[in-house]
Novice: 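Sharing a structure with you now.
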Protein chains: 2
Amino acid sequence: MTIEDCPIRDVLAGLSGKWSVLILLALDERPHRFGELRRAVSDISQRMLTLTLRDLQRDGLITRTVHPTVPPSVEYGLTGLGRSLVLTLLPMIRWADANHAAIRGARRGFDAAAA
Amino acid sequence: MTIEDCPIRDVLAGLSGKWSVLILLALDERPHRFGELRRAVSDISQRMLTLTLRDLQRDGLITRTVHPTVPPSVEYGLTGLGRSLVLTLLPMIRWADANHAAIRGARRGFDAAAA
DNA sequence: CGGGATCCCGGTTGATACTG
DNA sequence: CAGTATCAACCGGGATCCCG
């Protein structure tokens, strides 16, 4: 009865970081190289980008292709599984965009009432 | 240019906890009392349930109704905003359910290859 | 260029005990 | 029943330096 037995919690855990969803969205547009991703998801640290990418790859959501050039070049892209996940994420993204103002308003109201 | 200016990150931050989504789903079925929620989301600590509920209420996603009985009874339910959010979440939930096995398989493959 | 290794801090979480 | 208070542990994440 560990955490992995609950699909929701197990899958969500991987997306719970601050960065996974942003990275998946960037890769949904087009494949990105490491440095491109770093700029696309501005203010992610090199370390967290590396770690998050490895987790996503481990879960079979993204591909990692090394081109043995000098200097090296690594391309990341979505797998079929990853693409199908992003599709289910898009409604939530749009909701976040559309209702961000309402949430911020609710927060202000709540905080004011608490004071 | 703080974090709240990005709708995705701001909204996701609230759901990134381990518990928010589970609670929202439980409340989507029907309103729950505190103790019911605690059993529904088994192995959440009392403390985290309290904290998460307050955050969700602060964001305008759930309602909190106190019935001044003895002993006290508090009912939580979804707001309209909350219900609309859950609707956008459901595709992702179903995806998690359907693809949990695939993800676990990918993980095993990745870990085996790394060894 | 694309990482890995290390250090370290601070917020989040859990256990436990107490309360109206 | 539905919380609040306090304390300790943990771990996500940033900074920095190094490497092929």
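We name chains A, B, ... by the order of the sequence lines, and we start the count at 1 in each one. Predicted model, so just to flag it, every value in this text is computed and none were measured.
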Novice: Using five base pairs at each end, measure the axis-to-axis angle across the helix from dC1(C)-dG20(D) to dG20(C)-dC1(D) and round it to 10 degrees.
Specialist: 50°

Novice: Please list all pairs meeting salt bridge (charged side-chain N to carboxylate O under 4.0 Å, His left out) that have one or both residues in residues 23-34 of chain B, counting only residues at least two apart or in different chains.
Specialist: R30(B)-E36(B)

Novice: Nearest nucleotide by nearest heavy atom, which residue falls closer to the 5' end of DNA chain D, T50(B) or R39(B)?
Specialist: R39(B)

Novice: List for me each residue that meets side-chain hydrogen bond (donor to acceptor under 3.5 Å, both in side chains) alongside R64(B), sequence neighbours excluded, and say none if there are none.
Specialist: Y76(B)

Novice: Excluding sequence neighbours, so at least two apart, what forms side-chain contact (heavy atoms from CB on, under 4.5 Å) with L12(A)?
Specialist: I8(A), V21(B), M92(B)

Novice: With S45(A), which residues qualify under side-chain contact (heavy atoms from CB on, under 4.5 Å), at least two apart?
Specialist: R47(A), M48(A)

Novice: Table please: side-chain donor-acceptor pairs of residues 55-63 of chain A below 3.5 Å, with sequence neighbours left out.
Specialist:
| residue | atom | partner | partner atom | Å |
| --- | --- | --- | --- | --- |
| R58(A) | NH1 | D111(B) | OD1 | 2.7 |
| R58(A) | NH1 | D111(B) | OD2 | 2.4 |
| D59(A) | OD1 | R107(B) | NH1 | 3.0 |
| D59(A) | OD2 | R107(B) | NH1 | 3.3 |
| T63(A) | OG1 | G77(A) | O | 3.3 |

Novice: Before giving the answer on side-chain contact (heavy atoms from CB on, under 4.5 Å), spell out for L25(A) and L89(A) the whole-Å C-alpha distance, their side-chain angles and the decisive distance to 0.1 Å.
Specialist: CA-CA 9 Å; L25(A) 286 178; L89(A) 257 31; 5.6 Å; no

Novice: Check every nucleotide of DNA chain D for an atom under 4.0 Å from a heavy-atom of chain A, then give the first and the last such nucleotide from 5' to 3'.
Specialist: dG13(D) to dG20(D)

Novice: What is the per-nucleotide protein-contact pattern of nucleotides 14-19 of chain C, from the 5' end, where B denotes a base atom under 4.0 Å from a protein heavy atom, S denotes such proximity for sugar-phosphate atoms only, and - denotes neither?
Specialist: BB-B--

Novice: The test is side-chain contact (heavy atoms from CB on, under 4.5 Å); show your working for H32(A) and L27(A) and say whether it passes.
Specialist: CA-CA 6 Å; H32(A) 280 66; L27(A) 294 183; 3.8 Å; yes

Novice: Strictly by side-chain hydrogen bond (donor to acceptor under 3.5 Å, both in side chains), give each pair with a member in residues 80-97 of chain A just once, sequence neighbours left out.
Specialist: S84(A)-W95(B), W95(A)-N99(A), W95(A)-S84(B)

Novice: Which atom pair, heavy atoms only, marks the closest approach of S20(A) to G14(A)?
Specialist: OG-O, 2.9 Å

Novice: Does R54(A) reach the side chain of F110(B), with side-chain heavy atoms less than 4.5 Å apart?
Specialist: yes

Novice: If you measure from CD1 on I23(B) to CG on L49(B), what distance do you get to the nearest 0.5 Å?
Specialist: 5.0 Å

Novice: Using a strict heavy-atom distance below 4.0 Å, which residues from residues 59-71 of chain A are in contact with DNA chain C?
Specialist: R64(A), P71(A)

Novice: Could you state the atom-to-atom distance from NE2 of H32(A) to P of dC1(C) in whole Å?
Specialist: 16 Å

Novice: For the atom pair CH2 (W19(A)) and OG1 (T52(A)), what is the distance rounded to the nearest 0.5 Å?
Specialist: 8.5 Å

Novice: Please report the interatomic distance CG(L78(B)) to CG(L24(B)), rounded to the nearest 0.5 Å.
Specialist: 6.0 Å

